[in-house]
A.B. asks: 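Input: one structure, supplied below.
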Amino acid sequence: MQTEQNELIKRRLEELEEIKKLGVNPYPHNFKVTSNSKQIIDNFKDPETEEEKEKQKENIVSIAGRITAIRRMGKATFCHIKDDKGRIQVYVKQEEVGELSYKILKLLDIGDIIGIEGYPFRTKTGEITVHSVQMQLLSKSIYPLPVVKEEITETGEKIIHDAFADIELRYRQRYIDLIVNDNVRDTFIKRTKIIKSIRNTLEKYNFLEVETPTLQTIYGGANAKPFITRHNALGLQLYLRISNELFLKRLIVGGFNRVFEFVKDFRNEGIDRTHNPEFTQVEWYQAYADYFDSMNLFEEVIENAVLELYDTTKVNYQGTELDFKRPWKRIKMIDAIKEKTGLDVIKMKRTEILEYLKSNNIEFDNKIANRKGLLIDILFEETCKEDLIQPTFVLDHPIDTTPLCKPLRTYTLQQLEEMKKDEEEIILVERFEPYINKWEIGNSYTELNDPILQRKLLEEQVQRGRGGEEDTHPMDYDFIRAIEVGMPPTTGVGIGIDRVVMLLTNSYNIRDVILFPLMKPH
RNA sequence: GGGGAUGUAGCUCAGGGGUAGAGCACCUGCCUUUUAAGCAGGGAGUCGAAGGUUCGAUUCCUUCCAUCCUCACCA
């Protein structure tokens, strides 16, 4: 659409000129607001006598908002204006606001922002309305908004006409989406409340909120493809973080015993309904604690957020009732597989698992065919994940799935040494993943703090990368040094905020919980 | 990247080989308690883009672009 050529825009530009000719600044600098739509409606009391009615006229409020509907009736006009707290009807009579103001009003459109001084009253049809004694244009809109009309039928059913529903436009022009669609507004308010609640719970337990770099010279803390960028002055290749894990652990080494950070992570991978290239996580790290402590805190953090929003632990997501009440179900990955398939993967040979995967048409990257632990992980994902609807912790993954996690405490040092020599032996680590509605919504470890093993595991990752495996963890010698300096026993957690918000706001697509999701330019 | 669907007025949509339709929005007029306000009249479109077939394409074909769904990829 060519802005200059659009008839509606042209018309509005003409109106703008007319307003200026009347000596009125269409973009004044300020307006004193003393109330809002919700407050007025909540505080309104119907007068019981004529005397009271007259008295109410002295109760002048000042509100401002955007015009969302206009009904002109000659020398009087009704509009609905929308402010930060909701919507309210305004009644303007020429006789009362004066001829100039009424002339201006005639030049106004849906989308314009006005200030109103007046007194609340109830109309014949029963709507609480501000009877305007003064009206001021605060900002003239020249780009036409979609006009959404609501009809409330006799049965009380709400019908929305001409909703602004084009998904692409809604994402690309979120400012319009927010003006027009109340449920969108509501979702993002809830998003903020969820983040605030998580922060509150962590602060209650004396976690310190910190900030770590987004631009990193070595990325790490997860297995993912990074975005690559460049610092000109230093002539340096940099990465946008895929995780902040290694920095938060450095802080644990540095003596902050409890830290957390809300971060944008960036992963250069596919986009779908649960993945956006930039997404939000909160990670926290706690010294002198293990993954059992993390499970407890995880449940509490999420349950608190749900309670904060809904005063109940039950939430409907796309027709499924999810109950976030603590304690959540806990199941070991190995047991989940056994329950579902009858297979005892610990006893099985690698080749037997391979055979099972193939005969069940489960696809996987051939490069990992010789890694028994990763095959088990795939087997789990393909067979068990679909049943994980209610909040469930899946525990104790094979060590091959991560180089940053500590083996189970049940192994003796000697056992571990022997297991490492035998490729058929599966070392399990103290890791858990919380699943809700089949989605991983986080990750947690009893963190590896043995510098010798840490170095060895990262070196293996590098070897695997050279062998052609994708998304292996890069070497970070400074991180190794930090662990060598000595990290106390520690546990850490990451939560995918976007997915949690999706679940708690009944949002189908991750883009519905990200204000400005990535869109290709036209 | 594979498969499926969609793209027509500011918004929501219908239509269909012969040059474009509705409701709302917009414009003009009437209207001082309306509320999907009403009544009367009017204007508005490169039919996503580019090629091709055809006397003629918004419609059929091809390619491209964008979006959604789905699969693959993504601890």
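Numbered from 1 within each chain, the chains take letters A, B, ... in sequence-line order. Just so it is clear, the model here is predicted, and its values are computed rather than measured.
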A.B. asks: Taking atom P in both rA14(B) and rU8(B), compute the distance separating them and give it to the nearest angstrom.
C.D. replies: 10 Å

A.B. asks: Look at the side chain of Asp272(A) and decide which nucleotide, out of rC73(B), rA75(B), rU33(B), has an atom nearest to it.
C.D. replies: rC73(B)

A.B. asks: Any strand is fair game: report the nucleotide pairing with rG1(B) by Watson-Crick or G-U wobble, both distances under 3.5 Å, or none.
C.D. replies: rC71(B)

A.B. asks: Please name the nucleotide paired to rA66(B) by Watson-Crick or G-U wobble geometry with both distances under 3.5 Å, or report none.
C.D. replies: rU6(B)

A.B. asks: Do the ring planes of His131(A) and Tyr119(A) sit parallel (below 30°), tilted (30 to 60°) or perpendicular (above 60°)?
C.D. replies: parallel

A.B. asks: Do Glu430(A) and His397(A) have side-chain N/O donor and acceptor atoms under 3.5 Å apart?
C.D. replies: no

A.B. asks: Searching all strands shown, indicate the nucleotide that pairs with rG29(B) (Watson-Crick or G-U wobble; both distances under 3.5 Å).
C.D. replies: rC39(B)

A.B. asks: Using atom C1' in both nucleotides, what's the gap between rC11(B) and rC64(B) to the nearest angstrom?
C.D. replies: 28 Å

A.B. asks: If you check every side-chain atom of Glu151(A), which of rU67(B), rA36(B), rA75(B) has the closest atom?
C.D. replies: rA36(B)

A.B. asks: Between rA25(B) and rU54(B), how far is it from one C1' atom to the other, in whole Å?
C.D. replies: 39 Å

A.B. asks: Check whether any side-chain N or O of Lys93(A) sits under 4.0 Å from OP1 or OP2 of rU32(B), and answer yes or no.
C.D. replies: no

A.B. asks: Looking only at atom P, what distance separates rA22(B) and rA9(B), rounded to whole Å?
C.D. replies: 14 Å

A.B. asks: Look at the side chain of Glu381(A) and decide which nucleotide, out of rA75(B), rC24(B), rA44(B), has an atom nearest to it.
C.D. replies: rA75(B)

A.B. asks: State which of rC69(B), rU34(B), rC11(B) makes the closest approach to the side chain of Thr123(A).
C.D. replies: rU34(B)

A.B. asks: Counting heavy atoms from C-beta on, name the nucleotide in rC31(B), rU67(B), rC27(B) closest to the side chain of Glu15(A).
C.D. replies: rC27(B)

A.B. asks: When you match Gly442(A) and Asn509(A) each to their closest nucleotide on RNA chain B, which lands nearer the 5' end?
C.D. replies: Asn509(A)

A.B. asks: Spell out yes or no: do the side chain of Asp162(A) and the base of rG23(B) have one donor N/O and one acceptor N/O closer than 3.5 Å?
C.D. replies: yes

A.B. asks: Which one, rC69(B), rU67(B), rU33(B), comes nearest to the side chain of Phe78(A)?
C.D. replies: rU33(B)

A.B. asks: Would you say rA25(B) has OP1 or OP2 under 4.0 Å from some side-chain N or O of Lys149(A)?
C.D. replies: yes

A.B. asks: Under a 3.5 Å cut-off for both contacts, is rG17(B) paired Watson-Crick or G-U wobble with anything, and if yes, with which nucleotide?
C.D. replies: none

A.B. asks: Using the P atom as the reference point in each nucleotide, state the distance between rG4(B) and rG17(B) in Å, no decimals.
C.D. replies: 24 Å

A.B. asks: Taking any strand in view, what nucleotide pairs with rU12(B) in a Watson-Crick or G-U wobble way, both distances under 3.5 Å?
C.D. replies: rA22(B)

A.B. asks: Within less than 4.0 Å of OP1 or OP2 of rA25(B), is there a side-chain N or O belonging to Arg11(A)?
C.D. replies: no

A.B. asks: From the set rU33(B), rC73(B), rG10(B), return the single nucleotide nearest to any side-chain atom of Asn6(A).
C.D. replies: rG10(B)

A.B. asks: Taking the P atom of each, how far is rG23(B) from rC39(B), in whole Å?
C.D. replies: 12 Å

A.B. asks: Tell me the interatomic distance from Arg170(A), atom CZ, to rC11(B), atom C1', rounded to whole angstroms.
C.D. replies: 14 Å

A.B. asks: Let's test your reading of the model: under 3.5 Å, does the base of rU34(B) pair with the side chain of Gln89(A) as donor and acceptor?
C.D. replies: yes

A.B. asks: Compare side-chain N and O positions of Asn443(A) against OP1 and OP2 of rA75(B) and report whether any pair is under 4.0 Å apart.
C.D. replies: no

A.B. asks: What I want to check is whether the side chains of Thr129(A) and Gln89(A) have a donor and an acceptor closer together than 3.5 Å.
C.D. replies: yes

A.B. asks: Please determine whether the number of non-hydrogen atoms from other residues, nucleotides or ligands lying under 6.0 Å from atom CD of Glu423(A) exceeds 12.
C.D. replies: no

A.B. asks: Side chain of Lys75(A) only, heavy atoms from C-beta on: which candidate in rG43(B), rA66(B), rU32(B) is closest?
C.D. replies: rU32(B)

A.B. asks: Need the pair for rG56(B). Rule: Watson-Crick or G-U wobble, both distances under 3.5 Å, any strand; none if unpaired.
C.D. replies: none

A.B. asks: Compare the minimum distances between each of rA75(B), rU33(B), rA36(B) and the side chain of Arg431(A), then state the nucleotide with the smallest one.
C.D. replies: rA75(B)

A.B. asks: Taking atom types as modelled, is there a side-chain donor on Ser141(A) or Arg12(A) under 3.5 Å from an acceptor on the other?
C.D. replies: yes

A.B. asks: Can you tell me which residue among Ile514(A), Asn509(A), Asp177(A), Leu515(A) is in a side-chain contact (heavy atoms from CB on, under 4.5 Å) with Tyr171(A)?
C.D. replies: Asn509(A)

